[in-house]
Amino acid sequence: MFLAALCFVCVLGTSLSDAAAPEPCATPKQWEGKAWFLDEFGIARSVYMSYDGVNKRTRSSIKTLNGREEGKIVETILLFEENKFYFVFHDKEVCVITKALFDFKPAGVPADAVFTNSNIRGLGSNSVKTNTFVKSYEIESPGHHHGHTHLWFGSFTDDSCVPVLETIYEGDLLADDSLHYIQLDVIRYSDMTAGIASDKVFDPPDICTKNATIANNTKAIDGVFQWHRFMYI
C-alpha cells in the first residue's frame, strides 16, 4: 500500500503466458496511508490507516463524506494481542470497548486466492505493474450479509505487494439457481508510506477512560464494520 494517487491511469493487460503466475503475497509488515472507501449504499468515506503487522494492531480514522452522516468521524483502534477493540465516536464523545471480534489476519493476498491477470497502471516512467487476485468465500462476521457467496478482488503492486484496489461482490441466488453478483464495497489506496511514524497512534484517546461503554456485541457499533470487511477475507 505505498502507491501515490494516480491522476491518470492507463491499463495494459499482460498475458499469462509471458511469465509464471504471481503467487499470493503479504504487504509490508508496517505502513500508514490514505484510502477512499465506497459502500453498497453509495456512501463514501475517507480513511487514514496505520497498520502494524508485527504487533498485530491497526488504527483507522474514518470520515463520512456524504449522506445523512456527512462529516461524521469514527476512530477505530484494534489491539489484537490485548484482545481489545476501541471504537471512538467523536460526534457523540463516546468510546465503545469490546473484546477482539475477529482474529488478526496479515494484510495482503489470501493464500488461497487465485491470480487472474497483471496490468500496467500509469504511463511511461510513472507506471507500475499490478497483479490482481480473486477469492470466493462465505463467512459469518460482523457487517457481512450472511448466507451468500462473496467474491473478493484485490490488485497489488508486483514488486512489493502494496495494495492498490480491493473490491467485494455479493452473490444472490436467482430462481434458476444462477448467481448474480452485486458490488458491495470498493477501497482505493493512496499516499502510502513504510513504517509507523509514532506508536502513540495506537494509544486509546482520553475519552476511552472518561466516557467508555463496554459492549458484548456489535449492536453499539453497527455500520463501523463495513470498513473492516476486508480484514475477514
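Positions are given from 1 along the sequence.
Considering N117, N119, D158 in turn, D158 is the only one that fulfils the side chain to side chain donor-acceptor pair (under 3.5 Å) rule with N131.
With sequence neighbours left out, the salt bridge (Lys or Arg N to Asp or Glu O under 4.0 Å) criterion links K34 to D191. Residues meeting the side chain to side chain donor-acceptor pair (under 3.5 Å) test with D112, sequence neighbours left out: K135. Annotation: salt bridge (Lys or Arg N to Asp or Glu O under 4.0 Å) contacts of E70 (sequence neighbours excluded): none. Applying the ring pair (Phe, Tyr, Trp, His ring centres under 6.0 Å) criterion to Y51, with sequence neighbours excluded, gives W31.
Expressed to the nearest 0.5 Å, how far NZ of K84 lies from CG of L78 amounts to 14.0 Å. With values rounded to the nearest 0.5 angstrom, F153 atom CZ is found 11.5 Å from I168 atom CD1.
Ring-centre distance between Y181 and Y169: not below the 6.0 Å cut-off.
For the 3.5 Å distance criterion, the side chains of S155 and T132 qualify, holding a donor opposite an acceptor.
Between W152 and F156, the ring planes lie tilted relative to each other; the angle falls in the 30° to 60° range.
Residue pairs meeting the salt bridge (Lys or Arg N to Asp or Glu O under 4.0 Å) criterion with at least one member in residues 48-68, sequence neighbours excluded, are D52-R57, R57-D199, R59-E75. Residue pairs satisfying the disulfide bond (SG atoms under 2.5 Å apart) criterion with at least one member in residues 98-138, sequence neighbours excluded, are absent.
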Query raised in the report: Can F85 and L101 be said to form a side chain to side chain contact (heavy atoms under 4.5 Å, CB included), step by step?
Result: CA-CA 8 Å; F85 286 4; L101 299 171; 4.0 Å; yes

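Residue E93 places its CD atom among 12 or fewer non-hydrogen atoms of other residues, nucleotides or ligands, all under 6.0 Å distant.
Minimum heavy-atom separation, D185 to D39: OD1-CA, 3.4 Å.
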